[in-house]
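Worksheet: one structure, shown below.
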Amino acid sequence: MTRFIFITGGVVSSLGKGLASAALGALLQARGFKVRLRKLDPYLNVDPGTMSPTQHGEVYVTDDGAETDLDLGHYERFTGVPSRQSDNVTTGRIYSTVIARERHGDYLGATVQVIPHVTDAIKEFLAADPGGADFLLCEIGGTVGDIEGLPFLEAIRQFGNELGSERAMYIHLTLLPYIPTAGELKTKPTQHSVKELLSVGIQPDALLCRADRPIPSEERRKIAQFCNVRPEAVIQALDVDSIYQVPIAYHAEGMDRMVLRYFGLDASQEPDLSRWTDIMERIRKPEGEVRIAVVGKYTALLDSYKSLSEALTHGGIANNVRVNLDWISSEIFEGDGTLEKLEDVHGILVPGGFGERGAEGKVAAARFAREKGVPYFGICFGMQMAVIEVARHLCGIAGAGSTEFGQVKDPVVGLMTEWMRGNERELRTGEDNLGGTMRLGAYECKLKSGSRVRGIYGTEVIHERHRHRYEVNINYRKRLEDVGLMVCGLSPDEQLPEIVELNDHPWFVGVQFHPELKSKPFDPHPLFSSFIEAAVAQSRLV
Ligand code: GLN
């Protein structure tokens, strides 16, 4: 039997609903339950794939090729359960489905309306493909009171009513602001937020209250009384120094016990939180530290690189070191820009990216890393820029470039127009819609024996997640390999270079996929562990 927990947010946005959901998922898992997590996003885009990362944050890609909200990354990092296409839906997708059905004649005779047709489509999504989960946690994006969120709230109200309280629970996340002149944490915004929820027919069963200091018992009692929840269901969520402390902190506040009691389940056993205490031990007592420069384009909003910064932290956990990140906009390395900001770093990472702006700065950063022997990790766009750099400066192909930026004399990186997905051929014309047409999701890659990456992975065949339209041109392979840039990971048909590495360099690896999407704090991705290990070695030299 699957039980549903609906998580809404109020008072202000950015309270960390995604993290709260992920941490609760991890806690229930630590008690032996099978969990899945799901996100409903109220915006009109069909998926976030066409949104700017500086608006929306990172686009998280699943194995099955869905472009999803970054909260799904938190879900996977905290539970290890791979997310799927069926775990993220937007208003845009719901409406496209409903309108397609209407055109098909599925509602013949009916006036198609938000209630029941749109809300039915949302409920179908909620119930679909639970994957044998004991608990399905559904996070509703946005803040209670947003106009666009109303159909989702109505749908979870109906759905919870149909399931009954023994199978449905509503948790509302709020903020208790501290007002210095009054010297108090204020409960009124929480009361108003709950009123807002009540106005759409939802009585929360528990309140998770963010606060920057402990909530006095009198305030808690007040919240419980005014918001009509049991006192033990008012859980304080205090600020913590690491996101990986959150499951431990929630447990200390009785969150998991409260949820189990709500559903009438036995809560007498303690959960096994050793995974989280081990991680926190390593984070709090590092044996050293390294400095990594991340040379990118979307550095104005660090959520654009959420999985990446987490994966680097995981690499630090694996090596017992603290990883300090310097976020650098690559444009400063263009024109007459000096590379002095890279002088003292122990590793340089150029992440994924799109478009010409800042590309030359990334090529310059790759060149600096190659010439100075600084560990270099190029991810997707960062691999492509490293290949262009080597083509230009080691192979002597002055006109080497990517067709992503228009016509180039030597298309060392070019548009992919066909590739294999298993036994299926995927075709693109270059004129396709932009949404959902990249090479997306997990693809197999074969590693060359004797290569550095073969040793790092410890296996010959890997599956990694992709999101790209351009690809290193296999026709340049020989010329690149002649100067020491080895193509050591290939698609099974050997047409798509997936990994390059430089001979005679401490650590210079470019990958066409996004390994950061699969890294977890309790299972750091081997490429990130190895890159940070190389940075540790570098830190001993400088
Ligand atoms: N813009 C490049 C491409 O489409 C790289 C994409 C990326 O870094 N995710 O191939």
Side-chain angles (χ1 to χ4, degrees), residues 47-54 56-63 65-68 70 73 294-299 301 303-309 311 329-330 348-363 365-366 376-389 391 400-406 408 411-419 421 426 428-443 445 464-474 476 489 491 495-500 509-519 527:
D47 62 42
T50 56
M51 279 190 236
S52 160
T54 48
H56 177 269
E58 163 187 278
V59 174
Y60 189 77
V61 180
T62 59
D63 278 336
E67 296 177 280
T68 71
L70 59 77
V294 182
V295 181
K297 176 170 169 182
Y298 316 115
T299 46
L301 179 70
D303 266 1
S304 314
Y305 299 115
K306 193 73 218 162
S307 294
L308 183 75
S309 58
S329 167
S330 60
I348 297 172
L349 191 150
V350 176
F354 294 84
E356 193 166 15
R357 184 166 63 79
E360 286 305 321
K362 295 175 188 175
V363 172
Y376 177 84
F377 195 178
I379 293 182
C380 203
F381 201 68
M383 167 193 185
Q384 297 172 357
M385 295 308 108
V387 171
I388 290 173
E389 191 281 308
S402 167
T403 59
E404 183 169 354
F405 317 140
V408 282
V412 171
V413 178
L415 181 74
M416 288 179 291
T417 49
E418 68 175 87
W419 64 87
R421 177 165 206 121
E426 297 257 357
R428 300 288 185 272
T429 62
E431 306 288 316
D432 317 282
N433 282 343
L434 284 183
T437 55
M438 282 190 258
R439 182 168 175 252
L440 291 166
Y443 280 86
C445 165
E464 292 281 6
R465 297 182 193 172
H466 295 68
R467 182 172 187 252
H468 62 127
R469 223 180 279 288
Y470 298 84
E471 177 72 39
V472 172
N473 187 339
I474 190 83
Y476 287 87
S491 56
Q495 290 308 301
L496 302 177
E498 298 275 42
I499 309 180
V500 292
V509 175
V511 296
Q512 186 55 74
F513 44 81
H514 291 274
E516 70 274 23
L517 301 176
K518 287 182 43 166
S519 188
L527 284 174

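One-based numbering along the sequence shown. For ligands, and for the atoms within them, numbers begin at 1 and follow the listed sequence.
- Between Phe354 and Tyr470 the shortest side-chain heavy-atom distance does not fall below 4.5 Å.
- Once rounded to the nearest 0.5 Å, the distance linking CE of Met416 with CE of Met438 reads 9.5 Å.
- Side chain of Asn473 to main chain of Pro411: a donor-acceptor pair is present (N/O by atom type, distance under 3.5 Å, no hydrogens or angles).
- Contacts of Arg465 classified as side chain to side chain donor-acceptor pair (under 3.5 Å), with partners at least two apart in sequence or in another chain: Tyr60, Asp63, Glu76.
- Within 4.0 Å of ligand 1, counting heavy atoms only, the contacting residues are Gly352, Gly353, Phe354, Cys380, Phe381, Gln384, Glu404, Arg467, His468, Arg469, Tyr470, His514.
- Distance CD/Glu58 to OH/Tyr305: 10.5 Å, rounded to 0.5 Å.
- A donor-acceptor pair is defined here as one N or O able to donate and one able to accept, closer than 3.5 Å; such a pair exists between the side chain of Glu404 and the backbone of Gly355.
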